[in-house]
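Below is one structure; the comments refer to it alone.
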Amino acid sequence: MLHKDARICTGREYQQVYQEGKRVAGKYIIIYYQKNRRPTNRFGIVTSKKVGHAVIRNRTKRQLREMARSAAEKIQGNYDIVVVARPSIKGCAYEIIEKDFLLLIKKARLC
RNA sequence: UAAGUAAGUCAGAUAGUCGCAGGUAAUUUUACCUGAGGAAAGUCGGAGCUCCGCAGGGCAGGGUGCUGGAUAACGUCCAGUGGGGGUGACCCCAAGGAAAGUGCCACAGAAACAAACCGCCUGCCCCAAUGGGUCAGGUAAGGAUGGAAAGGCGAGGUAAGAGCUCACCAGCGUUCAGGUGACUGAAUGGCUCGGUAAACCCCACCUGGAGCAAGACCAAAUAGAGGAACUUUGAAGCUGCCCGCUUCGUUCCCGGGUUAGGUCGCUAGAGGUGCCAGGUAACUGGCAUCCCAGAUAGAUGACUAUCAAAUACAGAACUCCGCUUAUAGAUUUACUUACUUU
RNA sequence: GGCCCCUUGGUCAAGCGGUCAAGACACCGCCCUUUCACGGCGGUAACGGGGGUUCGAGUCCCCCAGGGGUCA
């Protein structure tokens with residue numbers, strides 16, 4: 001679990017990012033992002049029931065969290081970032097997802 | 001050796017680097033400890049706990065259903081009885097009552113709960129007379145139908161037949177013996193009664209409702225269990241109905257809102273492990289010892305090395321006891337059948 | 001996390017334990033029409049899965065699977 005200041009907590013904030021933020025889509029994940037008024041970046045990770053049962057959902061959630069943690073230093077500025085897993089992520093290896101993740105960050109010019 | 005039956009066990013380990021949650025120290029960022037399962041799953045049964053007036057009355061409803069025991073309780077478990085399956089080890093069974101009553105048993109068949117369609121036999125009569133037919137009666141041995149046809153089969157008996165009589169078998173009642181009991185065994189009697197209760201029902205026993213988003217407390221704030229009056233009509237809750245109970249209610253005055261909270265409940269328990277004792281067993285008792293997740297958008301991940309390989313089903317959200325379902329691979333014990341060798 | 005409900009042709013659906021499981025729309029063929037549409041006639045096509053009770057289950061009972069609803 002990331003530190004509480006580096007998380008998006010309430011459902012309202014998620015909705016705000018969905019509606020007002022920008023979006024980039026990859027093969028396995030979708031990233032929504034929006035500038036916030038805080039000093040740091042904040043992450044939110046979403047794995048819906050379409051991805052799979054609880055074990056798969058938890059595993060992908062942890063892997064995405066790990067990516068967000070390792071990439072947090074690279075990202076400039078102060079953004080709210082929501083990472084949504086797509087159903088095709090099921091059963092994919094860590095490196096493949098990480099590749100997709102880094103590509104999307106580059107695309108969104110967050111770093 | 002092969003095939004199988006039953007009961008189990010494990011569910012990757014070790015080391016290093018970075019990272020997460022809780023706790024304890026110290027104290028301002030560091031150390032140490034702990035950190036998912038045998039099913040955490042399905043939510044099928046039960047219980048603890050909490051609130052509803054501490055558990056209301058009547059009717060209805062629901063559940064369970066061989067016997068004895070275990071348990072906090074159960075639709076669970078253990079041991080037995082009866083029935084069924086398998087060569088066998090062994091497995092399966094919601095298994096009370098159909099002689100309290102009601103319903104249903106399609107099609108077929110004469111008839112499905114009490115039966116004469118064909119047939120068989122007897123008597124009388126008629127005709128075209130070694131035969132055929134009408135009428136009256138006897139008869140459940142034979143035929144056809146069906147899942148099921150009025151105890152089965154053999155012998156005697158008879159006009160033809162029939163438990164009409166007899167032997168054996170099945171079933172029912174009574175007595176005796178054994179067993180706590182389900183039931184079993186023996187003797188004996190009259191001679192015989194369809195199936196279905198996971199159809200209504202009867203009998204016996206059990207059963208209040210909701211569920212941790214239960215519920216309790218605290219602060220803060222723009223915000224109130226605010227003040228006055230009214231009536232028993234109306235609404236909601238207590239599964240349905242009747243009673244009964246509780247809370248809302250309506251009008252006037254002042255003031256507002258559509259959704260930021262936090263703490264407890266929250267983990268020490270019908271707890272685990274070992275030994276001893278009782279019991280066929282489920283289980284119970286005693287002693288010693290251990291503390292073993294507690295988050296709140298929700299903690300276990302990434303990389304490297306070694307072990308031949310690292311893989312199945314699958315992730316705690318108040319807790320526990322069961323049941324059911326999913327499950328790669330490895331492995332232990334006991335037993336059965338078949339074959340081969342000695 | 002708790003508590004409930006539903007699964008019948010391609011779709012919407014009815015169905016007392018018993019005849020070949022109604023209907024409607026859709027699809028296919030024929031007729032009608034100069035042609036299309038409308039209309040008429042005919043046809044194809046289904047009880048979520050597995051056990052049990054019963055002579056016989058879409059229906060009764062149990063266990064799964066899938067889908068949906070609801071809560072302060």
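Throughout, protein chains are lettered first and strands after them, A, B, ... in sequence-line order, and every chain is numbered starting at 1. Since the structure is predicted, the reported quantities are computational estimates derived from the model, not experimental observations.
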(Q) My understanding is that a pair needs two contacts under 3.5 Å, Watson-Crick or G-U wobble. By that rule, which nucleotide pairs with B:rG80? (A) B:rC66
**Q.** A:Tyr79 to A:Lys35 - nearest heavy-atom pair and separation
**A.** CE2-CG, 3.6 Å
(Q) Which is it for B:rC217, anti or syn, if anything within 90° of zero counts as syn? (A) anti
Q | Integer angstrom distance from the P of B:rC164 to that of B:rC191 | A | 9 Å
(Q) Any side-chain N or O of A:Arg65 below 4.0 angstrom from OP1/OP2 of B:rA302? (A) no
Q) Does B:rG97 adopt a syn or an anti glycosidic conformation, taking syn as a chi angle within 90° of 0? A) anti
Q: Would you kindly give the NZ-to-P distance between A:Lys61 and B:rA302, to the nearest whole Å?
A: 15 Å
Q.
If hydrophobic clusters are built by linking Ile, Leu, Val, Met, Phe, Trp and Tyr wherever their side-chain heavy atoms come under 4.5 Å apart, do A:Leu103 and A:Ile30 end up in the same one?
A. no
Q | B:rA36: syn or anti, per glycosidic angle within 90° of 0 | A | syn
Q: Check whether any side-chain heavy atom of A:Phe43 lies under 4.5 Å from a side-chain heavy atom of A:Arg65, and answer yes or no.
A: no
Q. In the structure shown, which nucleotide is the Watson-Crick or G-U wobble counterpart of B:rA177, with both distances under 3.5 Å?
A. B:rU184
Q) Counting only Watson-Crick or G-U wobble pairs whose two distances fall under 3.5 Å, which nucleotide matches B:rG215? A) B:rC264
Q: Could you measure between the two P atoms, the one in B:rC238 and the one in B:rC292, and give it in whole Å?
A: 44 Å
**Q.** Rounded distance in Å - CG (A:Asn58) to C1' (B:rA297)
**A.** 12 Å
Q | Spacing of A:Ile45 atom CD1 relative to B:rA302 atom C1', expressed in whole Å | A | 14 Å
Q: Check whether any side-chain heavy atom of A:Val82 lies under 4.5 Å from a side-chain heavy atom of A:Tyr33, and answer yes or no.
A: no
Q: Report yes if some heavy atom in the side chain of A:Ile96 is under 4.5 Å from a heavy atom in the side chain of A:Tyr28; otherwise report no.
A: yes
Q | Gap between atoms CD1 and C1', on A:Ile56 and B:rG301 respectively (whole Å) | A | 16 Å
Q.
Working note: A:Phe101 + A:Val83, criterion side chain to side chain contact (heavy atoms under 4.5 Å, CB included); need CA distance, chi angles, decisive distance, verdict.
A. CA-CA 9 Å; A:Phe101 181 74; A:Val83 183; 4.2 Å; yes
Q: Give A:Glu66 one of three labels, base, sugar-phosphate or nothing, depending on what nucleic acid heavy atoms sit under 4.0 Å from its own.
A: base
Q | Rounded distance (Å) that lies between atom P of B:rG301 and atom CG of A:Leu64 | A | 14 Å
(Q) Suppose we define a pair by two distances each less than 3.5 Å, Watson-Crick or G-U wobble; what does B:rG12 pair with here? (A) B:rC307
Q: Quick one: classify the glycosidic conformation of B:rC113 as syn or anti, with syn meaning within 90° of 0.
A: anti
Q.
Any strand counts, and the cut-off is 3.5 Å on both contacts for Watson-Crick or G-U wobble. Which nucleotide pairs with B:rA210?
A. B:rU50
**Q.** Results of side chain to side chain donor-acceptor pair (under 3.5 Å) for A:Asp100 - residues two or more places apart only
**A.** none
**Q.** Any side-chain heavy-atom pair of A:Leu64 and A:Ile29 under 4.5 Å
**A.** yes
Q: Would you indicate whether the side-chain heavy atoms of A:Ile97 and A:Gln63 approach each other to under 4.5 Å?
A: yes
Q | Pair partner, B:rG137 [Watson-Crick or wobble, under 3.5 Å] | A | B:rC121
Q.
Between C1' on B:rC303 and CD on A:Glu98, what's the gap in Å once rounded to a whole number?
A. 11 Å
(Q) Using the C1' atom as the point on both nucleotides, what is the distance between B:rA89 and B:rA72, in whole Å? (A) 39 Å
Q | Same-atom distance (P) from B:rA70 to B:rC202, integer angstrom | A | 33 Å
(Q) For C:rG39, give the paired nucleotide (Watson-Crick: N1-N3 plus N6-O4 or O6-N4; G-U: N1-O2 and O6-N3; both under 3.5 Å), or none. (A) C:rC31
Q) With both distances under 3.5 angstrom, what nucleotide forms a Watson-Crick or G-U wobble pair with C:rA65? A) C:rU7
Q: Syn or anti for B:rU319, please, going by whether the chi angle lies within 90° of 0.
A: anti
Q | Separation between the P atoms of B:rG271 and B:rG62, rounded to whole Å | A | 38 Å
With 3.5 Å as the limit, what N/O pairs link the protein to nucleotides 310-314 of chain B?
none

(Q) Roughly how many Å apart are B:rA299 and B:rG35, using the C1' atom of each and rounding to a whole number? (A) 9 Å
Q. A:Glu98: what forms a side chain to side chain donor-acceptor pair (under 3.5 Å) with it, not counting sequence neighbours?
A. none
Q) So, is A:Arg62 near the phosphate of B:rU300, with a side-chain N or O under 4.0 Å from OP1 or OP2? A) yes
(Q) Taking C:rG52 as the reference, what is the distance to B:rG84 when you measure between their C1' atoms (whole Å, please)? (A) 14 Å
Q: Look at all strands and tell whether A:Arg59 reaches a base, only sugar-phosphate, or nothing, counting heavy atoms closer than 4.0 Å.
A: sugar-phosphate
**Q.** Separation between the C1' atoms of C:rA46 and B:rC74, rounded to whole Å
**A.** 41 Å
Q: Please state how far atom CZ in A:Arg57 lies from atom P in B:rA41, giving the value in whole angstrom units.
A: 13 Å
